[in-house]
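Comments concern the structure below.
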Amino acid sequence: MGHSGEEEYRQGRNVTLVGSVVNIVLVFLKIAGGFVFHSQALIADGIHSVSDLLSDVVVLFGLKLGRGEEDAEHPFGHGRIETLSALLVGILLGGAGVWMAVSAGLEIHSGIIPHPSYLGIFVAIVSVVSKEILYHYTRIVAERINSPAIMTNAWHHRSDALSSVAVLIGLAGAQIKPSWAALDPIAAIIVSALIVKVGASFVVSAVKEFIDTAPNKVVLNRIQQCACNISGVQDVHDIRARTSGGKVIVEIHITVDGKMTVREGHDVAKSVELCLIDEVPNLRKALVHVDPSE
């Protein structure tokens with residue numbers, strides 16, 4: 001793992017460990033508070049926080065292995081390991097959303113909605129505030145080191161904050177008017193749909209990486225423009241690009257004067273490579289093939 005890779009791993013590891021500590025505290029507070037204050041919603045929210053802990057473990061392993069440098073068996077690096085961890089967290093996120101929706105639906109169907117103590121409101125407020133702060137902190141780090149796994153974990157934190165908002169609505173409604181206790185499961189179903197949508201989007205993004213889907217046209221156009229602007233390049237063709245662990249890998253063919261020496265052609269190709277490194281965000285590797293003009 002190179003110097004920049006080590007620094008990115010350190011930042012990703014630290015933010016994930018902070019999230020793990022917060023999750024451990026919240027799991028205890030929610031489940032214990034649910035039993036003490038007679039709130040089934042808090043207990044369910046605590047179990048949801050357990051899924052956050054699982055995602056933290058998955059992300060830590062994915063980040064450690066995925067940021068490794070290329071080797072003989074993995075010439076393009078280990079970025080797909082991080083993609084796999086993002087896929088798993090996305091599945092966990094979607095699964096947690098489905099579970100919350102089913103639980104809330106069954107509670108409404110049964111008609112047995114408990115009247116919890118108002119003290120549970122304070123536990124829900126602590127969860128909402130801490131998880132929302134953790135979401136913003138994790139998202140900033142994910143954008144800084146361009147980590148899809150850390151970004152999915154950030155949204156997992158937000159899903160926990162949103163589920164706690166649903167709990168808070170239910171608890172507060174029950175205190176205002178006992179018959180409003182049904183607001184809790186209704187809000188939980190709405191929030192669950194949002195959580196499933198976010199989880200599905202991360203699963204789709206990870207699958208696109210696994211099947212080597214090309215980056216968007218903005219990135220491809222930037223690659224072509226960068227190569228075309230280099231002196232000595234007569235034509236650019238056969239641009240291939242894919243993403244691995246949030247990093248772009250490019251293969252590009254350029255046409256140069258057929259009368260150039262090997263050294264001159266190599267220098268032009270090197271200039272194209274350096275331009276791509278400067279101009280294309282999150283570029284991991286660029287392979288420039290030189291073709292002579294007729």
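Reckoned from all heavy atoms, side chains included, excluding hydrogens, waters and symmetry mates.
Val204 and Trp155 fall into different hydrophobic clusters, where Ile, Leu, Val, Met, Phe, Trp and Tyr residues are linked whenever their side-chain heavy atoms come under 4.5 Å apart, directly or through other members. Clustering ILVMFWY residues whenever any of their side-chain heavy atoms sit less than 4.5 angstrom apart, transitively, puts Val98 in a cluster other than the one holding Val167. In this structure, Val36 is a member of the same hydrophobic cluster as Leu168, with clusters built from ILVMFWY side-chain heavy atoms closer than 4.5 Å. With hydrophobic clusters built from ILVMFWY side chains whose heavy atoms lie under 4.5 angstrom apart, Ile254 does not share a cluster with Leu287. The hydrophobic clustering, which links ILVMFWY residues whose side-chain heavy atoms are closer than 4.5 Å, places Val196 and Leu162 apart.
Contact record, Ala142 with Ile150: CB-CG2, 3.5 Å, taken as the closest heavy-atom pair. Here the shortest heavy-atom pairing between Ala161 and Val128 reads O-CG2, 3.8 Å. Ile230 and Cys275 get closest at one heavy-atom pair: CD1-CB, 4.0 Å. Here the closest heavy-atom approach between residue Thr255 and residue Pro292 is recorded as CG2-C, 4.2 Å. Val233 approaches Val268 most closely through the heavy-atom pair CG2-CG1, 3.6 Å. Gly265 and Val290 make their closest contact through O-CG2, 3.9 Å (heavy atoms, listed as atom of the first residue, atom of the second, distance).
Residues Leu17 and Val21 fail the side-chain proximity criterion, which asks for heavy atoms closer than 4.5 Å. Side-chain contact between Ser130 and Leu26 is present, with heavy atoms from C-beta onward closer than 4.5 Å. The side-chain heavy atoms of Ser103 and Trp99, taken from C-beta on, include a pair separated by under 4.5 Å. Residues Ser201 and Lys197 fail the side-chain proximity criterion, which asks for heavy atoms closer than 4.5 Å. Asp238 places none of its side-chain heavy atoms less than 4.5 Å from the side chain of Ile252. Side-chain contact check for Val141 versus Tyr137: some heavy-atom pair is nearer than 4.5 Å. Between Asn153 and Thr16, the closest side-chain pair of non-hydrogen atoms falls below 4.5 Å. A 4.5 Å side-chain heavy-atom check between Leu88 and Leu92 finds every atom pair outside the cut-off.
Between the CG atom of Leu171 and the CG atom of Leu119 there is a distance of 10.5 Å, given to the nearest 0.5 Å. Distance CG/Asn221 to SG/Cys226: 12.5 Å, rounded to 0.5 Å. Rounded to the nearest 0.5 angstrom, Ile31 CD1 and Phe35 CZ are separated by 7.5 Å. Distance check, rounded to the nearest 0.5 Å: NZ of Lys131 to CD1 of Ile133 gives 12.0 Å. Atom CD1 of Ile91 and atom CG of Leu87 lie 4.0 Å apart (nearest 0.5 Å). In this structure, the separation between NZ on Lys270 and CD on Glu273 is 4.0 Å, given to the nearest 0.5 Å.
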Using the side-chain contact (heavy atoms from CB on, under 4.5 Å) rule, take Gln234 and Asp257 through it: C-alpha gap first, then chi angles, then the decisive distance, then the call.
CA-CA 7 Å; Gln234 296 180 346; Asp257 189 341; 3.8 Å; yes
Report the C-alpha separation of Arg158 and His136 in whole Å, then their side-chain angles, then the decisive distance to 0.1 Å, and conclude whether the side-chain contact (heavy atoms from CB on, under 4.5 Å) test is met.
CA-CA 9 Å; Arg158 170 154 277 188; His136 287 285; 3.8 Å; yes
Practice problem: Apply the test side-chain contact (heavy atoms from CB on, under 4.5 Å) to residues Lys285 and Val250: give CA-CA distance (whole Å), side-chain angles for both, the deciding distance (0.1 Å), then the verdict. | Solution: CA-CA 6 Å; Lys285 181 187 287 291; Val250 176; over 6 Å; no
For a side-chain hydrogen bond (donor to acceptor under 3.5 Å, both in side chains) check, start with the C-alpha distance between Lys30 and Ser127, then their side-chain angles and the critical distance, and finish with the verdict. CA-CA 8 Å; Lys30 290 177 183 179; Ser127 177; 3.1 Å; yes
task = I would like to know whether Met151 and Glu143 meet side-chain contact (heavy atoms from CB on, under 4.5 Å); could you show each step before the answer?
result = CA-CA 7 Å; Met151 184 59 79; Glu143 291 174 348; 3.6 Å; yes
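Distance alone, capped at 3.5 Å, places no donor-acceptor pair between the Arg242 side chain and the Val248 backbone. Using a distance-only test at 3.5 Å, with no hydrogens or angles considered, a donor-acceptor pair links the side chain of Glu264 to the main chain of Thr261. A distance-only check finds no donor-acceptor pair linking the side chain of Thr138 to the backbone of Tyr135 [under 3.5 Å].
Applying the side chain to side chain contact (heavy atoms under 4.5 Å, CB included) test between Val25 and each of Val22, Leu29, Asn23 identifies Leu29 as the sole match.
The ring-ring contact (aromatic ring centres under 6.0 Å, His included) check on His253 picks up His237, His289, with sequence neighbours excluded.
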